[in-house]
Amino acid sequence: MNDYDFSSLAEGLKSFNIEVNERQIEQFLQYYELLIEWNSFMNLTSITQFEEVIRKHFVDSVSLVRVFPEIMKEEYTLIDVGTGAGFPGIPLKIVFPHLRVMLLDSLNKRISFLKEVAESIGLKDIEAVHGRAEDFARKEEFRERYDVCVSRAVANFSTLSEYCLPFVKKGGCFIAYKSEKAMEEYEQSKKAISIFGGKCERTEKFYLPDSDIYRNLFLIRKLKTTPERFPRKAGMPSKEPIFL
């Protein structure tokens with residue numbers, strides 16, 4: 001661990017009023033090393049430099065506290081839809097071990113990586129499942145079962161809401177990580193969000209610590225049950241998103 005300078009991680013998290021212990025720092029290091037190892041033979045991320053991973057993946061994932069500080073103390077069930085290499089789900093689980101986390105991704109190779117990470121760094125109450133959001137949101141054991149759904153997946157707001165809101169129980173929330181151009185996208189997707197049972201409750205706009213990376217976080221509260229016809233069959237939410 002002496003080969004790495006974790007000051008940027010500690011400082012970045014401290015800007016969110018979060019302090020991590022030595023064990024958590026060790027888990028982040030092991031996660032990083034596994035990410036680089038597996039990335040050598042499969043496509044997990046184009047970001048591989050240590051400081052870049054710290055800022056753009058680890059700190060960014062935990063920035064969710066800006067819009068949802070409740071996560072720091074409450075024992076929520078959380079699902080990360082389209083988790084990819086485990087962002088934001090795994091950093092959130094490392095920093096907030098009281099969470100019960102489900103990682104969902106459509107590529108089975110990524111699931112193998114995520115299971116290896118969870119086992120190697122000693123994470124408990126975390127599962128990784130291979131599947132498409134459109135299919136799993138229709139399964140009884142997943143539909144409207146989670147307190148929180150998060151996603152950093154690259155998709156327009158309407159599509160992402162159709163993927164995510166069906167997983168959220170009434171009274172829970174969906175939190176979307178978006179870029180600086182997200183407000184226009186959100187305005188176009190208000191109708192869809194309402195149809196799926198949600199309403200925007202909070203937003204946060206900020207730059208990630210020590211960077212020029214602009215982030216928009218949206219907390220969508222689940223006010224009513226998602227109609228049974230949603231999500232539509234695989235491919236439809238992205239091909240024909242619902243707009244104004």
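Between F87 and Y31, the ring planes are tilted. Angles from 30° to 60° get that label. Below 30°, between 30° and 60°, or above 60°: for W38 and F41 the angle between ring planes is between 30° and 60°, a tilted geometry.
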Pair up each side-chain donor or acceptor in residues 167-177 with any protein partner under 3.5 Å, not counting sequence neighbours, and list the distances.
unit_1 : atom_1 : unit_2 : atom_2 : d
K169   : NZ     : D147   : OD1    : 3.3
Y177   : OH     : S61    : O      : 2.5

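Here the rule is salt bridge (Lys or Arg N to Asp or Glu O under 4.0 Å) with R152, and of D80, D60, D105 only D60 fits it.
Between E70 and R202 there is a salt bridge, since a side-chain N of the basic residue sits under 4.0 Å from a carboxylate O of the acidic one. Salt bridge E52/R55: present, at least one basic N to carboxylate O contact under 4.0 Å. A salt bridge is absent between E141 and K139: the closest approach of a Lys/Arg side-chain nitrogen to an acidic carboxylate oxygen does not fall below 4.0 angstrom. Taking the charged nitrogens against the carboxylate oxygens, E187 and K190 do have a contact shorter than 4.0 Å, which makes a salt bridge.
In the displayed structure, D135 atom CG is contacted under 6.0 Å by more than 12 heavy atoms of other residues, nucleotides or ligands. Around atom CD of E127, no more than 12 heavy atoms belonging to other residues, nucleotides or ligands sit under 6.0 Å away. At most 12 heavy atoms of other shown residues, nucleotides or ligands fall within 6.0 angstrom of atom CD in E75.
Checked against a 6.0 Å centroid threshold, the rings of F28 and Y4 do not count as neighbours. Ring centers of Y163 and F196: at least 6.0 Å apart, outside the cut-off.
For K178 and Y186, the positive end is not near the middle of the six-membered ring at less than 6.0 Å and at most 45° from its axis.
For the residue pair R110 and L44, the shortest heavy atom distance occurs at CG-CD2, 4.1 Å.
Side chain of N216 to backbone of S179: a donor-acceptor contact under 3.5 angstrom is found. Judged by distance alone, with hydrogens and angles left aside, the side-chain atoms of S194 form no donor-acceptor pair with the main-chain N or O of K191 at under 3.5 Å.
Both L13 and I94 are assigned to one and the same hydrophobic cluster, defined by single-linkage of ILVMFWY side chains at heavy-atom distances under 4.5 Å.
Between atom CD1 of residue I111 and atom CG of residue L103 there is a gap of 7.0 Å, rounded to the nearest 0.5 Å.
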